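Input: a single structure, listed below in structure tokens.
For clarity, every value in this text was computed on a predicted model and none was experimentally measured. Proteins come first, then strands; the chains are lettered A, B, ... in the order of their sequence lines, and each starts at number 1.
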Amino acid sequence: MSAVHIENVHKSFGKLEVLKGVSLTVEAGQVVAIIGRSGSGKSTLLRCINGLETIQSGRIEVVGHTVTYTDEKLRALRKDVGIVFQSYNLFPHLTVGQNIMLAPRITKGVPKEEARAQAEKVLAQVGLSEKFDVYPDNLSGGQQQRVAIARSLAMQPKVMLFDEVTSALDPELTGEVLLVMEELARGGMTMLLVTHEMNFARSVADFTVFMHQGKVWEMGPSEELFSHPKTPELAAFVKSTLK
Amino acid sequence: MSAVHIENVHKSFGKLEVLKGVSLTVEAGQVVAIIGRSGSGKSTLLRCINGLETIQSGRIEVVGHTVTYTDEKLRALRKDVGIVFQSYNLFPHLTVGQNIMLAPRITKGVPKEEARAQAEKVLAQVGLSEKFDVYPDNLSGGQQQRVAIARSLAMQPKVMLFDEVTSALDPELTGEVLLVMEELARGGMTMLLVTHEMNFARSVADFTVFMHQGKVWEMGPSEELFSHPKTPELAAFVKSTLK
Amino acid sequence: MQYQFQFNSVLAESGFIMQGILLTIYLSIGSIILGSIIAILFSALRANGPRWVGGLVDVYVELLRNTPFLVQLFIIFFGLPSIGIRLTADQAALLAMTLNLAAYSTEIIRAGVDSIHRSQIEAGLSLAMTKRQIFQHVIIVPAIAKVWPALSSQFVLMLLASSICSFISVQELSGVTAIIEQRTFRSFESYIVATLLYLVLALTLKVGLLGLGRLIFPRVSGLSRVQVKGEAA
Amino acid sequence: QTVQDIVKRGKARIGVLIGAPPYGSVDAQGNAVGYDADVTAIVGKYLGVPVEVVQLTPPSRIPALESGKVDFLIATLAPTPERAKSVLFTIPYSIFQPGIYAHKNANITKWEDLKGKKVGVNRGSSVEHELTSREKDLNLQIMRFEDDATVMMALFTGQVDAIAGPDAQANAAMKARNVTDYEQKFIFARQPNSMTVRKDQTDLRDWLNNVIYYIKLNGELDAVSRKWVGSPLPELPVF
Amino acid sequence: MIESFGWPEFMFLVRATGWTLVLTVVAFLFGSIVGGAFAIMRLAQSRILRNVASVYILVIQSVPVLMVLFLSYYGLSLAGFDIPPLIAASLSLGIYVSAYLAEIWRGSIEAVPFQQWEASSSLAMTRGQQYRYVILPQALRISVPPTVGFLVQLVKNTSIVSVVGFVDLARAGQLINNATFQPFQVFGSVAVIYFLICFPLSRLSKHLEKVLHVGRTH
Ligand SMILES: Nc1ncnc2c1ncn2[C@@H]1O[C@H](COP(=O)(O)OP(=O)(O)OP(=O)(O)O)[C@@H](O)[C@H]1O
Ligand SMILES: Nc1ncnc2c1ncn2[C@@H]1O[C@H](COP(=O)(O)OP(=O)(O)OP(=O)(O)O)[C@@H](O)[C@H]1O
Ligand SMILES: [Mg+2]
Ligand SMILES: [Mg+2]
């Protein structure tokens, strides 16, 4: 069974059709990068996968859950699918530890001690063990983003979605975060990541998907895709961003 | 006479010494890129040059003005020194045209017609002639940044300072702005620019300054600096950012 | 006009005045606590409850904010007995202040809730939280932290407005000083004493709330403040 | 300030209480009317100068007098010794009889029957003082309201067991509301009311005493009483 | 004399509403001018000015307006300054209004991102020019909803002027009730009139909040 299965998905905002029939299958353990121009629908696609956006037609299935818009089903789905955004979205009134422990405790009823152990583990995974009791305010952007990843990991998701998680960061801080993601990829996590870091896509992603005008325009093994773009659109895109 | 002359400048925020004796001379018509890690004092240095920050010791002289902290002197200085920030900072309640015409009219008493002609000229220079009556809200980030540059240019400054003007932009939008800056450089404007775009620094700047720990750690002709870093710090920096 | 100030006859009643002060404090603190609880519940209902419940909350808020407090007080004290609910003057005062403060606070907290960025809600959703859990764990604390200054000044205004309760025989600070004034005719002295006492009470409350804010919202400084409309009772 | 000062100025400013019918009230145009207003007009006539009637609330009566906003008060104030330490009173020009009012079924005929009961009273009145003096003995629960109308409202809505108040006002209220199940239980005092002047206006006080004496004799005050209280002017005590 | 609550008495309420409105408007205008000055003082570079302004705001917000009016009207008379009631009422209410508006407006000015100050000073503007052309126009938009919101409260709070002899809406209601003993009709009407004034203002403030929030960048 594939981890993510997307079938002919259409999604409009009002009159604007953003996804015009997207199909995509990701197998468990694969890392897939999604690239494309601004506005091509990359974020929207990710958001559809964990049900933050409602699709008009098509079908999305994620690790056994068909995306259905009842609160119950969505919650069940989201326990298995983590998402990390560009803008971290940490809860500012909670410490790093509380940020991480909150969801497992209240949505899965994980006992306090266990949640704590789990939080310490994921925090170590992102290299921030010593920040357990610190408030997000007092962290750098890169550190905040790593905490956001840890928070998602604490839910023990089967699939992780990343939406331009480094684009708000300095080149240096970006490095820290990419390192964590590489680690996850090596650990066998199924990952979909929207990114502008072509080098990163190239080195980490098994496959890369190029979205254009609301469609999967071209896809294939990353190295191949970058070195031998088939469509002129991808060729132009690769050229402009590697400049 | 040099356009910018900085002599042993020290600057602290409270106890934190950010500039620890910076000296730098830029000749008229030169383009100088300033690079360095986050927190090394690049922005602070630029802000000291047009008097947005007060220095504790040392001397800064810009196109004949010694930086002195009286309102009069600062205004005189700022008529000759333009600065453009990462966050555009356009005036949201004014149209593009009004944004550009405001300062020349009220600070230099330029008559309305002349200010308008001037605004149209600089707007054409940044390739946005058709946006004269548009509000900043309705522009993309790259366009807003170009308007910010035009607004500075309308004051007919002798020196322009740019602080990471592209780092809030998508790679694509970045291109637009860099193009404008290249154009300015070719036109003979004296420019100091803080940038993360090594390729840009390399291709446009005559000299590059590497700041490290509040000091000018290394400087030289751009090509040479990048290809043959003398200090291990610069070597490491170049390596990490070109990754 | 040579007027001889004589505070002794007013100060002779200091025990009586003290009772008034205590009642003012009791009414203010009581209504602040109860009103805040109701306001939070109402905000939750408005955010997550069924549409019609949210609508009822809106009607409640608009009715109470746009009519005079005195009328509300009269309805509770004189009107409720006709449907069999008889409250003492002190109870009626506490109830009226609570309901009034709840309306204003609901509106203020709404501004705070609205100011919480959508991305925070999405983060909660993505972590499989229910709407109620999101409100409780993600939204309400930062929302209140953001509007804490506005809430605080509303609380102080309620303290000052509690004087209106003397209309229905509540012997709070202003009621007590009015009685003393009528007995002694030392009007200026009575009112000066009352004004100074209110000043002290209001400043104390203000400082206390500031401290409380620091205590319960240690991150309050890190959260940007929001503008809140209309903050007077 | 003397009478001459007022006459010289050519205008008298007299403070009256409004909001306590039938002594002081307003008409639908907002003009002061009532017992006090009529007496004011008579006093103005004898002063021989136009009168500016200044309408006052209970808490602003004394400050208006002491700050010189008015020359004197004709504002239904009871001359008590404690108050007289602050101002000067004339001999009384009106009188009413404070009584206890309660529901018909209530078995109250004397003070003792009020033991432990809730009794409402206007907090700005001298009646309140009377009640307070018995508070301890009778274990009264005195509830002091803003004005007479609020006191009556408390009685009618059952928020108090009984009220203490001027007969004229209680009667007016019961008549206006057309209530028949409340009644006067007993009268416990006679409360005369005086005009009020500042400590230094002895000359004015003497002149006003003279006027009161005069209009008592010539029947003018009796006419006012018949008009507003509905009964002939009773004997007014003097001091 | 008023016997019962009827049409003439209702018209009496309506006429009294005139005072409520007049005093609201006058106090608001006066309070705006003083409040504006204090808002700017509160943000001045001089520490003394800032402290003076904060103490003023803190104290005025902490005393009952009724007392302020009372002491300024009767108290100043004692001290030999005889001010007409309209002036006393306008001044006292205005002072009260000024403290709140100063706070609201200071907040609005502070809500303009500090980068706007930097950008304008980098363009060689004087502080006056920065306020005039860059900061105040933006602060104005931010401040309109809370200002209108405050105005709603002011309408009701003007009722304190009865202490200096004005018969405003609330006082008129009280007088009629004193004569008629019909509290529910009288105060019901009073509440309805207040509601008819305040509710549209509340709506307006909400509407402005929505409309004016678009058009802010960053
Ligand atoms: N909530 C929304 N309402 C209306 N339009 C929307 C909404 N979200 C996105 N869009 C529009 O949908 C299109 C695709 O947006 P999306 O965010 O998916 O693009 P993207 O590929 O992620 O771009 P970027 O690289 O800039 O993040 C854009 O034109 C955007 O304006
Ligand atoms: N207003 C300020 N108050 C206190 N510290 C400041 C202030 N501005 C800057 N700093 C500190 O000064 C140091 C240098 O800051 P500066 O912004 O000049 O660095 P930079 O080289 O521009 O870094 P970046 O690449 O992140 O923009 C940093 O440690 C920063 O935290
Ligand atoms: Mg996106
Ligand atoms: Mg910087």
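Here the closest non-hydrogen pair linking D:A164 and D:V119 is N-CG1, 4.0 Å.
Residue E:V163 touches chain D through both its backbone and its side chain, counting heavy-atom pairs closer than 4.5 Å. Contacts between D:Q29 and chain E at a heavy-atom distance below 4.5 Å involve backbone atoms as well as side-chain atoms.
The candidate from D:M153, D:K69, D:M152 with the greatest count of non-hydrogen atom pairs under 4.5 Å with chain E is D:K69. Here D:A173 is the residue among D:A20, D:A173, D:P58 with the most heavy-atom pairs under 4.5 Å with chain E. Note: E:D82 leads E:L76, E:I176, E:V164, E:D82 in heavy-atom pairs under 4.5 Å with chain D. In terms of heavy-atom pairs under 4.5 angstrom with chain D, the leader among E:Y73, E:F70, E:F10 is E:Y73.
To the nearest 0.5 Å, atom OH of residue E:Y100 and atom CD1 of residue E:I60 are 10.0 Å apart.
Aromatic rings of D:Y23 and D:F96 (six-membered ring for Trp) have centroids within the 6.0 Å cut-off, being under it.
At most 12 heavy atoms of other shown residues, nucleotides or ligands fall within 6.0 angstrom of atom NZ in D:K175.
The closest side-chain donor-acceptor pair between D:S225 and D:D222, if any, does not fall under 3.5 angstrom.
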